[in-house]
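Contents: one structure, followed by commentary.
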There are 2 protein chains.
Amino acid sequence: MAANSQFAMAVHILAMLASSRDENLSSSYIAGSVNTNAVVIRRLLGQLGHAKLVVSQTGANGGTRLSRCPDEINLSEVYQAVNCGEVFALHSKGPNRDCPVGRNMESVLCNLQKEIDHGIYNKLSQYTLANLFEKVETER
Amino acid sequence: MAANSQFAMAVHILAMLASSRDENLSSSYIAGSVNTNAVVIRRLLGQLGHAKLVVSQTGANGGTRLSRCPDEINLSEVYQAVNCGEVFALHSKGPNRDCPVGRNMESVLCNLQKEIDHGIYNKLSQYTLANLFEKVETER
DNA sequence: TGGATCTGTATCCGAGTGTGTTACAGAAAT
DNA sequence: ATTTCTGTAACACACTCGGATACAGATCCA
């Protein structure tokens, strides 16, 4: 299945906030860069705010800014904030428990799933928002 | 998004084939253990066959068996065979190229995506079907 | 105080897709 | 020839993501 793009958009949003640390950005302004609807941005900002990565202010001149320095925000935190689910899903019905193979399949796959997730987490932990922002700036 | 369960089902199928190396298994028999429809199994077997992991025979007493020993089948091959797509998607519309941040976002995210995929691939490469089958047998 | 701005939700629509199901042509064994 | 099995095609259903409108509440400012 095609995965969703929430992580990609969240990183994009955070990169924008990192580039304007001294001012609040409005959801519609961010939406202009991400090329989507402002509500989509606000939904994501809600998740990022819940994860304490950003802070928002309502009202005129409101908007959102980072809650910490970009070098203190880890991409693994972002991944967790927008919970993208698992890499692969277990079969919804579950295997047939009368079958000797099927009986133990579920736990084996579940363990494998956790291990992969852990691997992704470790990989993303190697990057901070500052690292990424640096790439955005220098890349041609 | 909830990912699809094709990888999980594929592994399950291969574990069954590994447990019956001396005989062909029919798609409906496998479907009984995976707890799904035989056509779903045949679709997956088609992908696995295309990746040269299994061989099928049509006709009476037909069915499918592994094309190699379980210790020569790597889980990363299975992952590639049932192409589960990417861990996260890039935004379908693409970022706004008039924005200095948006302009470079795409390539940065694309590189990150490749890196994660590579990590998953490496993790899965650590396991053969034989390793996994062993776990299925011993797990309680 | 009143108007403007912005967030935070609720709600709905459309498109895409994964899963399940039926149906059927073709291949192989008996 | 009949049976059994694969390989597809075709369709329905459910789910979810992205997009859009609408509106209450908060905040600033004139």
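Lettering of chains follows the sequences in order, A, B, ..., and the numbering in each one begins at 1. Below, all heavy atoms of this structure are taken into account, side chains as well, without hydrogens, waters or symmetry copies.
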Starting from C1' on D:dT16, measure out to CD on A:Q6 and report it in whole angstrom. 10 Å
Would one find a side-chain N or O of B:S56 under 4.0 angstrom from OP1 or OP2 of D:dT6? no
Is there any protein nitrogen or oxygen under 3.5 Å from a nitrogen or oxygen in nucleotides 23-27 of chain C, and what are the pairs?
residue, atom, partner, partner atom, Å
C:dA27, O3', B:T58, OG1, 3.3
C:dA27, N3, B:G59, N, 3.4

In whole angstroms, the gap separating P of D:dG18 from NE2 of A:H12 amounts to 15 Å
Using a 4.0 Å heavy-atom cut-off, does A:N37 contact any base of the nucleic acid, only the sugar-phosphate backbone, or nothing at all? base
Could you pull out all donor-acceptor pairs under 3.5 Å where a side-chain atom in residues 28-38 of chain B meets a protein atom, sequence neighbours excluded?
residue, atom, partner, partner atom, Å
B:S28, OG, B:S26, OG, 3.3
B:S33, OG, B:H12, NE2, 2.9
B:N35, ND2, A:G94, O, 3.1
B:N37, OD1, B:V39, N, 2.9

Indicate, with a heavy-atom threshold strictly under 4.0 Å, whether A:H91 touches base, sugar-phosphate, or nothing. sugar-phosphate
To the nearest 0.5 Å, tell me how far A:C69 SG sits from A:L129 CG. 10.5 Å
Closest-nucleotide 5' rank along DNA chain D - winner of B:S92 and B:T64: B:T64
Worked check of salt bridge (charged side-chain N to carboxylate O under 4.0 Å, His left out) between A:K52 and A:E77: CA-CA 10 Å; A:K52 309 253 190 256; A:E77 292 178 272; over 6 Å; no
Report yes if a side-chain nitrogen or oxygen of A:N61 is closer than 4.0 Å to either non-bridging phosphate oxygen (OP1 or OP2) of D:dC29; otherwise report no. yes
Just checking A:T36: base, sugar-phosphate only, or nothing, at a heavy-atom cut-off of under 4.0 Å? sugar-phosphate
Calculate the interatomic distance between B:K93 atom NZ and D:dG18 atom P; express it in whole Å. 11 Å
Using 0.5 Å steps for rounding, measure from the CG atom of B:N104 to the CZ atom of B:R97. 8.0 Å
Whole angstrom value for the distance that separates C1' of D:dC17 from CE of A:M9: 9 Å
With a 4.0 Å cut-off on heavy atoms, is A:G63 in touch with a base, just the backbone sugar-phosphate, or nothing at all? sugar-phosphate
Starting from C1' on C:dT17, measure out to CG on A:N4 and report it in whole angstrom. 14 Å
If hydrophobic clusters are built from ILVMFWY residues whose side chains come within less than 4.5 Å, do A:L109 and B:Y121 share one? no
Side-chain donor or acceptor of B:R43 under 3.5 Å from a matching atom on the base of C:dG20? yes
How many Å lie between CD on A:Q57 and P on D:dC28, as a whole number? 7 Å
Taking Watson-Crick and G-U wobble contacts under 3.5 angstrom, with | marking pairs to another strand and [ ] crossing pairs, the secondary structure of DNA chain C is written ||||||||||||||||||||||||||||||
Evaluation steps, side-chain contact (heavy atoms from CB on, under 4.5 Å), between A:L112 and B:L75: CA-CA 11 Å; A:L112 183 59; B:L75 288 198; 3.8 Å; yes
Considering every strand and a 4.0 Å limit on heavy-atom distances, what is the contact class for B:S28: base, sugar-phosphate, or nothing? nothing
With side-chain contact (heavy atoms from CB on, under 4.5 Å) as the criterion, how do B:R65 and B:V55 come out once you've worked through the C-alpha distance, each side chain's angles and the decisive distance to 0.1 Å? CA-CA 6 Å; B:R65 59 174 66 202; B:V55 283; 3.8 Å; yes
May I ask you to say what A:S5 touches in the nucleic acid, namely base, sugar-phosphate or nothing, with a heavy-atom cut-off under 4.0 Å? sugar-phosphate
Can you tell me the distance, in whole Å, between the OH atom of A:Y29 and the C1' atom of C:dT5? 17 Å
Between C1' of C:dT9 and CG of A:L44, the distance in whole Å: 15 Å
Let me see the working for A:N24 and A:N61 under side-chain contact (heavy atoms from CB on, under 4.5 Å), right down to the final yes or no. CA-CA 8 Å; A:N24 284 338; A:N61 293 336; over 6 Å; no
Separation between OG of A:S76 and CD of A:Q126, rounded to the nearest 0.5 Å: 10.0 Å
At 4.0 Å (heavy atoms only), tell me whether A:L25 reaches a base, stays on the sugar-phosphate, or touches nothing. sugar-phosphate
Looking at B:L14, B:V78, B:V11, which one forms a side-chain contact (heavy atoms from CB on, under 4.5 Å) with B:L132? B:V11
